[in-house]
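Notes follow the structure.
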Amino acid sequence: MTIRRAMPILHSEATPENREFYRTLGFEEAMDHGWITTFASPSAPAVQVSFLTSDKTAPVPPDLSVEVDDVDAVHAAVLASGAEIVHPLRDEEWGVRRFFVRDPDGRVINVLSHR
């Protein structure tokens, strides 16, 4: 299994203010679905941070996203470990296949692969 990137997901209702602030730091907007906005470094695109008002397609908001090369393999490993799956493995309309798992401290991790 290969990890392509890991990025924090910060819960925020101040998306316009964050957009301006993170642009000041040199980030560029990489994605905006209205309820989640992701900013990336133009010189290192895997360096990212997302701001989420709520997850429109899952029961709980995640705290961290981890993009992997094979989400099905990671899902199988997580199931075998006995960790709590918070959101089932599924294809999302915006081009990712993902599931959520709870880590030992209770944080919700969004594990995904792009399709």
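Predicted model only: the values in this text are computed from it and were never measured. Heavy atoms only: backbone and side chains are in, while hydrogens, waters and symmetry mates are out. This chain uses plain numbering: 1 for the first residue, then up along the sequence.
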Hey, what do you get for [atom1] ([X]) to [atom2] ([Y]), rounding to the nearest 0.5 Å?
X: Leu10; Y: Thr15; atom1: CG; atom2: OG1; result: 11.0 Å
X: Ser113; Y: Phe99; atom1: OG; atom2: CZ; result: 9.5 Å
X: Asp103; Y: Leu64; atom1: CG; atom2: CG; result: 8.5 Å
X: Arg98; Y: Ile109; atom1: CZ; atom2: CD1; result: 13.0 Å
X: Phe51; Y: Ile9; atom1: CZ; atom2: CD1; result: 11.0 Å
X: Asn110; Y: Ile36; atom1: CG; atom2: CD1; result: 7.5 Å

Applying a strict under-4.5 Å side-chain criterion to I, L, V, M, F, W and Y, I'd like to know whether [X] and [Y] cluster together.
X: Val101; Y: Leu89; answer: yes
X: Ile3; Y: Met7; answer: no
X: Met31; Y: Tyr22; answer: no

Which atom of [X] lies closest to which atom of [Y], heavy atoms considered:
X: Ala30; Y: Ala40; value: CB-CB, 4.0 Å
X: Pro45; Y: Ser43; value: CD-C, 3.8 Å
X: Phe27; Y: Val47; value: CE2-O, 3.9 Å
X: Glu13; Y: Thr53; value: OE2-O, 3.6 Å
X: Arg5; Y: Leu112; value: NH2-CD1, 4.4 Å

inquiry  = Salt bridge or not between Arg115 and Glu92? Use side-chain N to carboxylate O under 4.0 Å.
reply    = no
ask   = Is Leu52 close to Trp35 at the side-chain level, that is, under 4.5 Å between some pair of heavy atoms?
value = yes
request  = Mind telling me whether His33 and Trp94 have parallel, tilted or perpendicular rings, with 30° and 60° as the class edges?
outcome  = tilted
query = Are any side-chain N or O atoms of His11 and backbone N or O atoms of Pro62, one a donor and one an acceptor, separated by less than 3.5 Å?
reply = yes
query = Hydrophobic cluster mates of Val108, side-chain heavy atoms under 4.5 angstrom, ILVMFWY only, any path?
reply = Val60, Val86, Phe100
key: Summary of salt bridge (Lys or Arg N to Asp or Glu O under 4.0 Å) pairs that have at least one residue in residues 72-85, sequence neighbours excluded   = Asp72-Arg97, Glu84-Arg102
key: Heavy atoms from other residues, nucleotides or ligands near CD1 of Ile85 exceed 12 (cutoff 6.0 Å)   = yes
Verdict with supporting geometry, Thr37 and Glu29, side-chain contact (heavy atoms from CB on, under 4.5 Å) = CA-CA 7 Å; Thr37 305; Glu29 190 174 299; 4.1 Å; yes
